[in-house]
S.K.: 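Structure provided below as structure tokens; questions to follow.
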2 protein chains.
Amino acid sequence: MAKPVSEEDIVTAESVFREFLRDRGQKYTGERKVMLRTVMSVHEHFDVERILVELGQAGHRVGRATVYRTLRLLENCGIIKEVSFGQKQTYYEHIHGHAAHDHMVCRRCGRILEFDNAAVVELRKLLARQVQFHDLSHRFQVLGLCRACWQSCPATRKPAAR
Amino acid sequence: MAKPVSEEDIVTAESVFREFLRDRGQKYTGERKVMLRTVMSVHEHFDVERILVELGQAGHRVGRATVYRTLRLLENCGIIKEVSFGQKQTYYEHIHGHAAHDHMVCRRCGRILEFDNAAVVELRKLLARQVQFHDLSHRFQVLGLCRACWQSCPATRKPAAR
DNA sequence: GTCAATGCAAACATTTTGCAACTCT
DNA sequence: AGAGTTGCAAAATGTTTGCATTGAC
């Protein structure tokens with residue numbers, strides 16, 4: 001689902017992040033540098049815990065609070081975005097190399113499918129125009145059963161109770 | 001945005017709830033009865049705190065834990081549904097009398113507009129079919145600026161920083 | 001040297017849970 | 001009578017914040 005991120009992509013993201021920080025009088029610290037590389041190297045959806053583990057395995061010691069603070073910065077400068085699936089933690093994904101997409105979430109096994117959202121954006125713009133709303137973005141998820149779960153339970157064909 | 005709920009509507013919801021509970025060997029307690037009437041009488045989006053306040057003002061003493069537990073039951077039997085706007089608490093709305101709709105959320109003032117989602121459902125079904133996903137429901141929100149906020153800030157035309 | 005960032009622990013907010021007392025059926 | 005329910009307080013979770021120390025520019 002995600003394309004590999006090359007060293008060149010990382011360098012590009014780095015300059016975006018540096019410029020963003022410089023414009024705001026903020027510093028490009030070692031922790032921020034290593035966090036940027038970490039989020040760029042994780043191609044699935046990730047949460048704070050995952051980043052902490054990745055950092056730990058790579059031998060970097062970064063405090064939990066710093067991870068929270070830096071993820072917010074990375075989100076604000078458009079390198080990552082929040083994707084939420086109803087769990088209580090916040091999940092993110094990096095944007096680079098990802099075509100615009102939304103998600104289908106299987107209510108039985110939790111699997112997540114991505115799909116191109118061009119049609120969704122088009123519909124969104126149409127709907128927004130109708131009520132004179134200035135649309136900037138959206139959140140869209142389709143909930144249901146993935147093919148495997150649907151086929152494996154022909155009897156009930158009901159999602160698991162939660 | 002919501003239509004008034006008549007006594008008759010409440011009686012209908014009551015029988016749905018009772019039957020749901022009976023089928024599962026659970027009890028229709030005084031707390032559950034009063035909570036059902038409370039959620040049916042609130043026509044905006046509400047959270048746990050709001051229900052607690054409503055109950056208190058009506059002179060009913062129901063524990064916080066019971067409110068959490070009962071909202072889950074009411075959700076499972078389809079009388080209310082979760083609607084989330086990125087805040088940390090969970091918000092709900094009752095379904096009765098509401099046409100199927102989704103929301104547009106103003107990122108500046110927080111105002112929430114509802115809109116008919118028939119077209120969204122249609123698109124969802126089309127998209128799901130394409131990837132052989134068995135769609136059951138969806139979550140969709142359009143984020144941006146409402147008409148008033150868009151007009152009132154011709155200079156920046158940017159959402160408030162968060 | 002200055003001002004911002006970090007790490008830690010404490011604080012917070014929301015939701016869940018264990019359990020003794022209680023109440024529908 | 002018996003099984004499920006309640007309220008309370010404690011626990012669990014995820015995230016934020018205060019502050020002394022450290023580090024970038």
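Convention: sequence-line order gives letters A, B, ...; per-chain numbering from 1.
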S.K.: Taking ring pair (Phe, Tyr, Trp, His ring centres under 6.0 Å) as the definition, give me every residue that meets it alongside F140(A), ordered by chain and number, with sequence neighbours left out.
M.R.: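 Expected list: H138(B), F140(B).
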S.K.: Please state how far atom CG in L52(B) lies from atom P in dT14(C), giving the value in whole angstrom units.
M.R.: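 In whole Å, dT14(C) P and L52(B) CG are 12 Å from each other.
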S.K.: With axes from five pairs an end, tell me the bend angle of the helix from dG1(C)-dC25(D) to dT25(C)-dA1(D), nearest 10°.
M.R.: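 Rounded to the nearest 10 degrees, the bend comes out at 40°.
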S.K.: Give the table of side-chain donor-acceptor pairs shorter than 3.5 Å for residues 10-18 of chain A, with sequence neighbours excluded, one pair per line with atom names and distance.
M.R.:
residue : atom : partner : partner atom : Å
T12(A)  : OG1  : E8(A)   : O            : 3.0
E14(A)  : OE2  : Y28(A)  : OH           : 3.4
E14(A)  : OE2  : R37(A)  : NH1          : 3.1
S15(A)  : OG   : T12(A)  : O            : 2.9

S.K.: For DNA chain D, note the earliest and the latest nucleotide, 5' to 3', having some atom under 4.0 Å of a heavy atom belonging to chain B.
M.R.: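 Under 4.0 Å from chain B, the extent on DNA chain D is dG2(D) to dC8(D).
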S.K.: Not counting sequence neighbours, which residues clear side chain to side chain donor-acceptor pair (under 3.5 Å) with D116(B)? List them please.
M.R.: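 Checked D116(B) against side chain to side chain donor-acceptor pair (under 3.5 Å); zero matches.
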S.K.: If hydrophobic residues (ILVMFWY) are linked whenever their side-chain heavy atoms come closer than 4.5 Å, directly or via other members, who joins V53(A) in its cluster?
M.R.: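 Once heavy-atom contacts under 4.5 Å are chained together, V53(A) still belongs with nothing else.
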S.K.: Taking ring-ring contact (aromatic ring centres under 6.0 Å, His included) as the cut-off, I'd like each qualifying pair that reaches into residues 52-74 of chain B, sequence neighbours left out, listed once.
M.R.: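 Listed once each, the pairs would be none.
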S.K.: Under the salt bridge (Lys or Arg N to Asp or Glu O under 4.0 Å) rule, collect the residues that match up with R50(B), sequence neighbours excluded.
M.R.: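 Result, salt bridge (Lys or Arg N to Asp or Glu O under 4.0 Å) vs R50(B): E44(B), E54(B).
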S.K.: Could you tell me if the side chain of H94(B) sits less than 4.5 Å from the side chain of L74(B), heavy atoms only?
M.R.: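 No, their side chains stay 4.5 Å or more apart.
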S.K.: For E49(B), which residues count as a salt bridge (Lys or Arg N to Asp or Glu O under 4.0 Å) partner, sequence neighbours excluded?
M.R.: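 E49(B) satisfies salt bridge (Lys or Arg N to Asp or Glu O under 4.0 Å) with R64(B) once adjacent residues are dropped.
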S.K.: Could you name each residue pair satisfying salt bridge (Lys or Arg N to Asp or Glu O under 4.0 Å) that touches residues 135-144 of chain B, not counting sequence neighbours?
M.R.: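 Output for this query lists R124(B)-D135(B), K125(B)-D135(B).
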S.K.: Between C1' on dT15(C) and CD on E49(B), what's the gap in Å once rounded to a whole number?
M.R.: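 Whole-Å distance recorded here is 12 Å.
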S.K.: Considering residues at least two apart in sequence or located in another chain, which fulfil the side chain to side chain donor-acceptor pair (under 3.5 Å) criterion with Q132(B)?
M.R.: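 Applying side chain to side chain donor-acceptor pair (under 3.5 Å) to Q132(B) gives none.
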S.K.: One character per nucleotide, please: for nucleotides 3-11 of chain C, 5' to 3', B when the base has a protein heavy atom closer than 4.0 Å, S when only the sugar-phosphate does, - otherwise.
M.R.: BBSBBB---
